[in-house]
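Here's the structure we're looking at; comments come further down.
Computed from a predicted model, the values in this text were never measured in an experiment. Heavy-atom basis, side chains included; hydrogens, waters and symmetry copies ignored.
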Amino acid sequence: MGTGPGSGPWGQLFLRSLLFLLLAGAPAPRLASGQLRYAVPEELEHGAFVANLGEDLGLDVSTLSARRFRIVSRAGARQHLEVNLENGILFVNERIDREEVCEARGTCLLHLQLLVESPLELYRVEVEVLDINDHAPTFPWQEYVLEVAESAVLGARFPLESAQDPDVGTNSVHTYRLSPNGFFSLEVQTRSDTSKFAELVLERALDREQQRVHRVLLTALDGGVPERSGTAHILVTVLDANDNVPAFDQPSYGVSLPEDAPAGTLVIQLNATDLDEGPNGEIEYSFSGHAPPHVRELFHIEPRSGQVLLKGSLDYERASLHELYVQAKDRGPSAVAVHCRVLVHLLDVNDNAPEVTLTSVSTPVLEDAPPGTVIAVISVLDRDSGDNGRVSCEVGPDVPFELRSSFRNYYTLVTTQALDREVVPEYNVSITARDMGSPALLTRSTLTVPVSDVNDNAPHFLQPSYSVYVMENNAPGASICSVSALDPDCQQNAYLSYSIADGHIHGMPVGTYVSINSDSGHMYALRSLDYEQIRSFQIEVQAQDAGFPPLSANVTVHIFVLDQNDNAPVIVSPMPRNGSVATELVPRSARPGYLVGTVSAVDADAGLNSRLSYQLLQATDFTLFSVAPDTGELRTLRSFLEQDATQQRLVVQVRDGGQPALSATVSLLLSVVETMPQTLSDFSEFSLPPEASSSSPLTLYLLVSLGSISFTFLLAILILTAIRCRREQRSCQGDSCSPPCCHCCPGSRPSSDGLKTSNLMVQPSAGTTAATCLDVPGGGPPGYCYKVCLGPESAQSDFMFLKPCSPPRNNEKDPGKLSRPGQHLQVSKQVTLCRVCPAAAPGAGPSPASIAHAPSSGTQAWLLCRTGLHRRVGSGVFGVGF
């Protein structure tokens, strides 16, 4: 045996396929009803070429895999063909047996639905499976017995069993051939379905006595290339004469039957007659030998009555026509069977509901998908025919989807409007397929379409703004509040992170004051807050999602610092000097209610914590003085008596209204005197207005600023004055204290005439020495008037700036404006160092101490000073004691 391509069954199959392709030509695409059609022979091996779909459909072969080019088939169906995604070639996936796939139908078509995505496109391709001659004709039996009466006339015909060939067309049974014999010939007949059957024709009279049995070989041949054949042995038994055969009313019968007819339904009543009598006239009915097996399963014939009854279940969709071959034979010897044909036409009944198949589903769908986006490709199929097989498809109401018909029984599910996952995260789309039968049958299928989230919603805080109240002196790192925001999106688009916007609080970055947990939104104070330094501030908190691009929202957080009573009252008046107690003089003649002074204090706290109350904590005599609890005014309760001590020691307590309350005390030493000297009291120098005790820290800041400026100014004056006095001292030493140079020498006192020539008026003041006008004669500087204010019990004196007594200069238009009688230049809180002439006698007592000549550009000024500084009230002259 050879091992070439032609050896063995597969080699023969290959040769037959090759011969077929050479004769029929290579399969070429044909456009049938708007679709491609190919032809391929059956029984090709796996991988056999069918067609180049990529080229015929005009598709880019390099993108087939990315676009998921594939054949869509129903669930459970065998995949006979497949597409190579690398070159777009349609090839045989598994062996195709035409007789198995299409049973006995004339044309065998494989309907392919080709789907390609991005964009979604659908193609329909039909592949016709061409029959090859792979089956030989076969007879039901290998040996067939035919009984023929010897009285049979010449030309009598005897139908023979037909051979069956699963192949179709020219590959099916083409003709019959009878082996050579001297009695019978063969005549081939053609049925209405073009099938062939043979009849044995008697050509020579039979003589049972000469030959009882005749053996012939019947051969069935098909028309394929190469030709195939099948044989059966026919044993012709010659019987004694039964010269009448049954006869049917008509050679063919037709009947219609609904496909849902139940078992036992009468299909037809057959009737055949036989002119013979007795057993030769009794007829029996049966299926002929070449009735197919499925007919025997569906129908039953009553042998004696000739009734054809329904035995099995009919299905119009499987076969709409059944052909029954019935024979009638009498019971006599040498009975001859006669045949008739019964055609059973089935009537379609709407017994198949439509089938809905989701061919391709593109889910989930983005919520920002534009209207018209394809969600799924849906195919519907109804196995019924006519109106029973016409199907309409629709979707349920209240969904943003619709069905669009692309091909017959193919629909695409598309969106009709914009989707919003935050409103509806998932749709259950009900698809209803309904046929046109009566009654109509329908099928409902539910497609779940989840909506994929898009970052289209910015976070939003639960409150438009937050107000947080934090007690001062809080612990650093303690949680002060929590902010919360929501994002309607989901997954990553809803993950929020919190942060604090850049900014400054009192010149410091906001990050040095507070921090925030980026995940939870909890805010923490990074430092201890002080109400007296910062009472409130605001920050911007941002919540940002993790989507792309990220979206954010801001909210303002107002943080208010609550006051604690952490500052004790501070007494600002009276202030003790040099570390001693504050002193004050009280006239003995003071009446009840006399205002001795006011104790003033401030508290850096606020509210109740800064509300101050005053009380007399200790006193030498509690019946003599009282303190107003609200204003701190110290007043006498009664008049002084002779036995009252001349020095009264008081302790005043200032208490705030906090819980717990804080306090401060001040000690006062009051001296009871007969007459009041012109001294600066500890109360008056540092007295504050009543409202200062409850003022804000701004008052304290202003006081400190003013004090610093005043101190700087006074220090500058002291330095300048010291420099000028030093220069004058050097000048006096060089001139031996001549009158023009130093006017503080005893010998240089002017005469009374000089005083009379002064143009300044003398205004005596009670308790002081009279004003003296001094004029220096002899070409010295013009006369000046000096006002000397001396107290009776004090070595202190006042000083004044005075204008010169000289006549006006030429460039002065109005001398009266420069100096008028009784005009004084007042000095407010100025400290001036005066130089004392060396010639002055020490300890001169209450007499004027010295006169310092301090010329200046413009108007010259002279100062009369003594050690010590005090203020007189009522005379219009203000002095500063030192």
Side-chain angles (χ1 to χ4, degrees), residues 34-36 53 57 59 63-77 79 81-83 85 111-126 352-383 389-436 440-454 456 490-491:
Q35 62 188 7
L36 295 176
L53 290 179
L57 295 178
L59 299 176
T63 63
L64 294 182
S65 178
R67 297 182 64 185
R68 298 183 62 193
F69 184 64
R70 62 190 183 276
I71 298 176
V72 181
S73 59
R74 290 186 300 166
Q79 194 77 18
L81 302 175
E82 189 57 76
V83 178
L85 298 182
H111 299 278
L112 304 180
Q113 284 79 36
L114 303 177
L115 186 69
V116 63
E117 298 180 356
S118 301
L120 188 66
E121 294 177 320
L122 184 67
Y123 303 93
R124 297 187 65 181
V125 175
E126 288 184 353
N352 291 282
E355 299 177 6
V356 179
T357 303
L358 299 177
T359 304
S360 178
V361 180
S362 299
T363 57
V365 59
L366 293 174
E367 63 175 323
D368 62 348
T373 301
V374 178
I375 305 302
V377 177
I378 301 168
S379 63
V380 293
L381 175 66
D382 196 318
R383 298 181 182 275
R390 294 175 57 191
V391 181
S392 64
C393 200
E394 61 185 11
V395 296
D398 302 328
V399 293
F401 304 98
E402 68 177 2
L403 289 175
R404 295 179 182 175
S405 179
S406 54
F407 295 100
R408 183 176 180 271
N409 293 338
Y410 278 86
Y411 298 87
T412 55
L413 181 67
V414 299
T415 59
T416 59
Q417 64 187 41
L419 306 179
D420 191 349
R421 190 208 64 82
E422 289 70 38
V423 177
V424 181
E426 183 179 85
Y427 291 93
N428 291 320
V429 183
S430 177
I431 302 172
T432 303
R434 181 182 287 105
D435 60 26
M436 302 299 177
L441 299 180
L442 59 87
T443 299
R444 286 191 176 91
S445 179
T446 301
L447 173 62
T448 300
V449 181
V451 181
S452 180
D453 186 45
V454 174
D456 56 348
C490 67
Q491 297 179 356

Please report the shortest heavy-atom distance between [X] and [Y], naming the atom on each side.
| X | Y | answer |
| --- | --- | --- |
| Thr446 | Asn428 | CG2-CB, 4.0 Å |
| Ala433 | Val356 | CB-CG2, 3.6 Å |
| Thr448 | Pro450 | O-CD, 3.4 Å |
| Val380 | Cys393 | CG1-SG, 4.2 Å |
| Ala353 | Leu442 | CB-O, 4.3 Å |
| Phe69 | Leu85 | O-CD2, 2.9 Å |

Within a strict 4.5 Å, meaning less than it, do heavy atoms of the [X] and [Y] side chains meet?
| X | Y | result |
| --- | --- | --- |
| Pro119 | Arg67 | yes |
| Pro400 | Thr415 | no |
| Leu114 | Ile71 | yes |
| Phe407 | Gln113 | no |
| Leu403 | Ile431 | yes |
| Leu366 | Ser452 | yes |
| Asp456 | Glu367 | yes |
| Arg390 | Asp382 | no |

Taking atom [atom1] of [X] and atom [atom2] of [Y], what is their separation to the nearest 0.5 Å?
| X | Y | atom1 | atom2 | value |
| --- | --- | --- | --- | --- |
| Leu112 | Glu82 | CG | CD | 10.0 Å |
| Asn409 | Leu381 | CG | CG | 7.0 Å |
| Leu115 | Leu120 | CG | CG | 5.0 Å |
| Leu53 | Leu36 | CG | CG | 7.5 Å |
| Glu422 | Cys490 | CD | SG | 7.5 Å |

Problem set entry | Stepwise salt bridge (Lys or Arg N to Asp or Glu O under 4.0 Å) check, Arg124 with Glu126 | CA-CA 7 Å; Arg124 297 187 65 181; Glu126 288 184 353; 5.6 Å; no
Exercise. Going through the checks in order, is the side-chain contact (heavy atoms from CB on, under 4.5 Å) test met by Tyr411 and Val395?
Worked result: CA-CA 11 Å; Tyr411 298 87; Val395 296; over 6 Å; no
For this session: Please say whether more than 12 non-hydrogen atoms of neighbouring residues, nucleotides or ligands are located less than 6.0 Å from CD in Glu394.
Result: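 Yes, the 6.0 Å shell around CD holds more than 12 heavy atoms from other groups.
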Exercise. Going through the distances and angles, do Tyr427 and Leu419 end up as a side-chain contact (heavy atoms from CB on, under 4.5 Å)?
Worked result: CA-CA 10 Å; Tyr427 291 93; Leu419 306 179; 4.1 Å; yes
For this session: Applying side-chain contact (heavy atoms from CB on, under 4.5 Å), run through Val424 and Val451 and close with a yes or a no.
Result: CA-CA 8 Å; Val424 181; Val451 181; 5.9 Å; no
For this session: Carefully, step by step, assess Glu402 and Gln417 under the rule side-chain contact (heavy atoms from CB on, under 4.5 Å).
Result: CA-CA 10 Å; Glu402 68 177 2; Gln417 64 187 41; over 6 Å; no
